[in-house]
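Beneath this line is the structure, given in structure tokens, with notes to follow.
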Amino acid sequence: MVGYKFMGKAHSHAYKDVGMFFDTEANVVMKAICGRDENGVKEAAEKFGWDSYETDWRKMVTREDIDFVDINAPSDAHKEIALAAIAAGKHVFCEKPLALNLADGREMLAAAEKAGVKHAICFNYRFLPAVQLAKQIIDEGRLGEIHHYRATYLQDWLVDPNTPLAWRLKKEVAGSGAHGDINAHSIDLARFLIGEFDRVVGHNRTFVKERPLLTSSSGLSGNASATEKGEVTVDDATGFLADFKNGAMGMFVASRFAAGRKNHNTFEIHGSKGTIRWDLERLNELEVYFREDEPSLAGFRTILATDSSHKYAGNWWPAGHIIGYEHAFVHIVYEFVQHMTTGSPFTPTFYDGVKCQEVLEAVDLSIERGAWVNVDEV
């Protein structure tokens, strides 16, 4: 695994727990973790349970004792590491967004397909039981024809103008700001639940143009210089409208400037027969309304998706014993391990990463042009 901070910890937890709660065809062996700071990565290896550590990812991806490579380094490193791992015959699991731009993402997908290796992108929210239940309800036709899809992904960790200039605020490293970081999740959930995008039109804002330079990092942010500042080169918030190929209309807002919102990832889907709503901050619950209910009982019901009848939930605890954010990573790791070892069907792959990137870049192009953009033309 390349990377050992926020996502490195989340992924490591998944590799440690997957065999305890799921019957995998092969055991997951945590062979090596990689990072540039030897002291930091050595400490992470010991704390997270890795057998060894490396400071050079080029060496790590060619090791004969490694079968697949997990990439959760900053976005600007995804392409180079993935292509090297693919060339070495390794399967690849990559954090989102897939690459800095669509061209790089398409190159990664083509390389993986040509080499015949398995590939995955970490759109982990697909794998929560309540989201799987939403997918089931839609696929069974219980919402009827889909009319509206409304998504919000709101955070507030950048509201303070003194929050330092972390790598996520630099276009050359991150690719984009709130758009690629969190709108990417909303786009993938929309594709997963109701289908492909047709056209988009968007707008964005960068509310704080300069921030204190980063002196040390931890989690999403870190410590800042008291005197030196640098330019913010990504968006703080991006919103866009969308038409889907199935005729539904969509509304999307992503912001890291929404005071009071910590990780407010939601979708609400309206169909001719009913509505469903989900919120990551209440991730075990799915709100459902069906028009077919008799009038005296009509209204939204809240389903606690922790029963053994709900996908993945039966592998954890008795009904009502809720799961958390980290469990989505366990579920996607389980599915990818089974895919690598048995050839079982799996999504999301690099293909889904490319399709998401198409929408991201179509929105950017629409902002530049001040007009609607057809996603297929990007």
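Excluded from the calculations below are hydrogen atoms, water molecules and symmetry mates; all remaining heavy atoms, backbone and side chain alike, are included.
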Are the aromatic ring centres of [X] and [Y] under 6.0 angstrom apart?
| X | Y | result |
| --- | --- | --- |
| Phe21 | His327 | no |
| Phe346 | His339 | yes |
| Trp316 | His321 | no |
| His331 | Phe22 | yes |
| Phe329 | Tyr334 | no |

message: I'd like to know if the side chain of Trp57 and the backbone of Ile81 have a donor-acceptor N/O pair within less than 3.5 Å.
response: no
query: Are the side chain of Asp235 and the backbone of His179 linked by a donor-acceptor contact shorter than 3.5 Å?
result: yes
field: Qualifying residue, where the test is side-chain contact (heavy atoms from CB on, under 4.5 Å) with Lys170 and the options are Leu165, Asp76, Leu214, Val232
entry: Leu165
task: Over all heavy atoms of both residues, which pair between Arg63 and Ser52 is shortest? Give the atoms and the distance, please.
output: NH1-OG, 3.2 Å
- request: Give the minimum heavy-atom separation between Ala328 and Phe127, together with the two atoms involved.
  value: O-CB, 3.9 Å
query: How many angstroms lie between atom CZ of Phe192 and atom CZ of Arg126, to the nearest 0.5 angstrom?
result: 6.0 Å
- request: Look up atom CG in Asp70 and atom SG in Cys34, then write down how far apart they are to the nearest 0.5 Å.
  value: 11.5 Å
Treating Ile, Leu, Val, Met, Phe, Trp and Tyr as nodes and any side-chain heavy-atom pair under 4.5 angstrom as an edge, say whether [X] and [Y] lie in one connected cluster.
| X | Y | answer |
| --- | --- | --- |
| Val41 | Tyr15 | yes |
| Leu286 | Tyr153 | yes |
| Tyr125 | Leu133 | yes |

field: Matching residue for Arg256 among Asp236, Asp156, Asp181 - test: salt bridge (Lys or Arg N to Asp or Glu O under 4.0 Å)
entry: Asp181
- request: Among Arg277, Arg282, Arg301, find the one that has a salt bridge (Lys or Arg N to Asp or Glu O under 4.0 Å) with Glu287.
  value: Arg277
field: Heavy-atom check, side chain of Leu98 versus side chain of His78, under 4.5 Å
entry: no
Return all side-chain donor-acceptor pairs below 3.5 angstrom for residues 240-250, not counting sequence neighbours, or 'none' if the list is empty.
| from | atom 1 | to | atom 2 | distance (Å) |
| --- | --- | --- | --- | --- |
| Asp243 | OD2 | Arg199 | NE | 2.7 |
| Asp243 | OD2 | Arg199 | NH2 | 3.2 |
| Lys245 | NZ | Asp376 | OD2 | 2.7 |
| Asn246 | OD1 | Ala248 | N | 3.0 |
| Asn246 | ND2 | Ile194 | O | 3.0 |

- request: Would you kindly say whether Thr163 and Trp157 are connected by a side-chain donor-acceptor distance under 3.5 Å?
  value: no
- prompt: Does a side-chain N-to-carboxylate-O contact under 4.0 Å join Lys273 and Glu292?
  reply: no
